[in-house]
Amino acid sequence: MSDKPKKTDNKTDKTEKRAEQAGHQRLSVFKTYKLYVGGKFPRSESGRVYEVTDSKGKWLANAPRASRKDARDAVVAARKAFGGWSGATAYNRGQVLYRVAEMLEGRKGQFVHEVANAEGLARSGAAEQVEATIDRWVWYAGWTDKIAQVVGGGNPVAGPFFNLSTPEPTGVVTVLAPQESSFLGLVSVLAPVIATGNTAVVIASERSPLPALSLGEVLATSDLPGGVVNILTGGTAEIAAPLAAHQDVNAIDLAGADTALAKELEIAAADNLKRVVRPQPVDYFAPPGIERLTAFLETKTVWHPTGALGASGSSY
């Protein structure tokens with residue numbers, strides 16, 4: 001064996017000595033998670049929080065427990081943002097969503113850490129989830145200015161008319177994020193809602209809400225207008241009940257509801273004829289179709305006279 005002394009990092013040694021001399025160790029700065037409503041980060045109106053733990057029961061953070069008042073505020077913010085977002089060009093919406101993907105790519109390490117803790121995955125598995133999530137966001141960003149050509153177009157009619165069908169967004173959509181897929185599942189149900197011009201009130205996974213709250217920080221620092229996406233955390237059933245019955249909510253995606261809750265919410269949603277997407281088993285790693293894009297679109301058909309067409313020519 002060699003008797004040569006091992007090399008040490010002098011900077012590290014000095015730092016440790018200074019810490020020892022000071023008689024204390026550095027304390028971590030714990031993050032205060034907040035709701036994301038109207039482009040801002042309010043605490044819950046009720047002031048309540050609940051403990052979020054990892055897959056092994058270790059405490060991670062306190063998350064805000066949203067109240068009915070928070071849910072109503074989120075709907076107000078979503079409705080206020082709807083006019084500007086739905087009125088933007090599809091190409092511009094695609095640019096904004098792509099910018100969100102750029103921001104997610106830059107904070108990939110943070111999301112890998114949070115997803116690993118939330119879902120009990122190894123770092124490699126969490127990285128795979130996060131990369132798939134970013135790719136999924138880019139995929140939906142690319143559809144913003146193409147979906148109208150797929151589901152709309154000119155209709156052949158008898159008579160001198162143009163008959164054109166075009167898709168339009170439904171309005172304010174409540175999204176119950178999947179409970180087990182805290183990031184990939186969340187983006188898979190949220191991105192198609194806003195890609196088509198709707199605004200969203202999202203109820204994050206009750207057990208694993210931290211990736212959703214961090215997504216709110218990304219949205220706030222991208223070009224997405226405030227109110228287009230609003231993120232609430234807490235008891236899924238407690239928050240979803242008033243949203244399902246809310247008269248200014250136009251549709252609801254029940255992806256994160258169990259069978260009993262889904263039935264209850266669907267009954268409440270019938271009061272103002274909300275469009276409802278029922279929960280179903282989904283492999284979020286599988287390539288998505290356009291079903292969730294079209295789920296929250298309405299079709300507007302316009303007739304326009306072309307003038308009288310005859311065998312001898314046309315007249316206008």
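We're numbering straight along the sequence, starting at 1.
- Judged purely by atom type and a 3.5 angstrom limit, Asn230 has no side-chain atom pairing as donor or acceptor with the backbone of Val201.
- In Arg79, the CZ atom is crowded: over 12 heavy atoms of neighbouring residues, nucleotides or ligands sit closer than 6.0 Å.
- With hydrogens and angles left out, the side-chain atoms of Asp54 and Asn117 include no donor and acceptor closer than 3.5 Å.
- Heavy atoms only, all atoms of each residue included: Phe183 and Glu119 are closest at N-OE2, 4.0 Å.
- Side chain of Thr144 to main chain of Ala90: a donor-acceptor pair is present (N/O by atom type, distance under 3.5 Å, no hydrogens or angles).
- Residues Val151 and Val173 do not share a hydrophobic cluster, clusters being chains of Ile/Leu/Val/Met/Phe/Trp/Tyr side chains in contact below 4.5 Å.
- Remark: the backbone N or O of Leu97 is paired with a side-chain donor or acceptor of Trp137 at under 3.5 angstrom.
- Taking 4.5 Å as the limit, some side-chain heavy atom of Lys274 sits within range of a side-chain heavy atom of Val249.
- With sequence neighbours left out, Arg275 forms a side-chain hydrogen bond (donor to acceptor under 3.5 Å, both in side chains) with Glu298.
- Using a 4.5 Å cut-off on side-chain heavy atoms (C-beta onward), Val76 and Arg72 make no contact.
- Remark: the Gln179 side chain and the Asp258 side chain contain no N/O donor-acceptor pair separated by less than 3.5 Å.
- In plain terms, the two heavy atoms of Trp139 and Gly289 that are nearest each other are CH2-O, 3.5 Å.
- Side chains of Arg136 and Ser188: a donor on one and an acceptor on the other come within 3.5 Å.
- Legend: residues meeting side-chain hydrogen bond (donor to acceptor under 3.5 Å, both in side chains) with Thr294, ordered by chain and number and at least two apart, are absent.
- Under the 4.5 Å side-chain heavy-atom criterion for ILVMFWY residues, no single connected hydrophobic cluster contains both Phe111 and Tyr140.
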Between Leu243 and Ile252, does a side-chain contact (heavy atoms from CB on, under 4.5 Å) hold up when you go through it step by step?
CA-CA 9 Å; Leu243 290 172; Ile252 185 167; 5.6 Å; no
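- The backbone N or O of Glu45 lies less than 3.5 Å from a partner atom in the side chain of Asp70, making a donor-acceptor pair.
- Side chains of Leu190 and Val229 form a contact here, defined as non-hydrogen atoms less than 4.5 Å apart.
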Apply side-chain contact (heavy atoms from CB on, under 4.5 Å) to the pair Phe285 and Gln129, showing each step before the final yes or no.
CA-CA 8 Å; Phe285 271 107; Gln129 287 254 16; 3.9 Å; yes
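- The shortest non-hydrogen separation linking Ala78 to Val172 is CB-CG1, 3.8 Å.
- By the 6.0 Å contact criterion, OH on Tyr50 is enclosed, its count of non-hydrogen atoms from other residues, nucleotides or ligands being greater than 12.
- The pair Glu180-Arg207 meets the salt-bridge criterion, since a charged nitrogen lies less than 4.0 angstrom from a carboxylate oxygen.
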Run the numbers on Tyr36 and Leu215 for side-chain contact (heavy atoms from CB on, under 4.5 Å), then give the verdict.
CA-CA 9 Å; Tyr36 181 56; Leu215 175 63; over 6 Å; no
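- For Phe161, the ring pair (Phe, Tyr, Trp, His ring centres under 6.0 Å) partners two or more places apart in sequence, or in a different chain, are Trp303.
- The two residues Val189 and Ala177 have their closest heavy-atom pair at CG2-CA, 4.4 Å.
- Side chains of Leu60 and Thr53 form no contact here, defined as non-hydrogen atoms less than 4.5 Å apart.
- Looking at heavy atoms from C-beta onward, Val37 lies in side-chain contact with Leu232 at the 4.5 angstrom threshold.
- The existence of a salt bridge linking Lys263 and Glu266 is excluded, since no basic side-chain nitrogen approaches an acidic carboxylate oxygen closer than 4.0 Å.
- The minimum heavy-atom distance linking Arg48 with Ser46 is given by the pair NE-OG, 2.9 Å.
- With respect to Asp145 and Arg93, no salt bridge is recorded, no charged nitrogen being found less than 4.0 Å from a carboxylate O.
- For CZ of Arg68, the number of neighbouring non-hydrogen atoms (other residues, nucleotides, ligands) closer than 6.0 Å is 12 at most.
- Under 3.5 Å, the side chains of Ser165 and Thr301 contain a donor-acceptor pair of N or O atoms.
- With 3.5 Å as the limit, one finds no donor-acceptor pair spanning the side chains of Glu114 and Ser208.
- Linking Ile, Leu, Val, Met, Phe, Trp and Tyr whenever their side-chain heavy atoms come within less than 4.5 Å leaves Leu297 and Trp85 in two separate clusters.
- Looking at every heavy atom in both residues, Ala66 comes nearest to Glu238 through O-OE2, 4.0 Å.
- Residues Glu217 and Lys31 are paired through a salt bridge, judged by an N-O separation under 4.0 Å between the basic side chain and the carboxylate.
- Contact check for Ile134 versus Val187: no side-chain heavy atoms found under the 4.5 Å cut-off.
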Assess whether side-chain contact (heavy atoms from CB on, under 4.5 Å) is satisfied between Phe41 and Leu35, documenting all intermediate values.
CA-CA 5 Å; Phe41 295 94; Leu35 306 175; over 6 Å; no
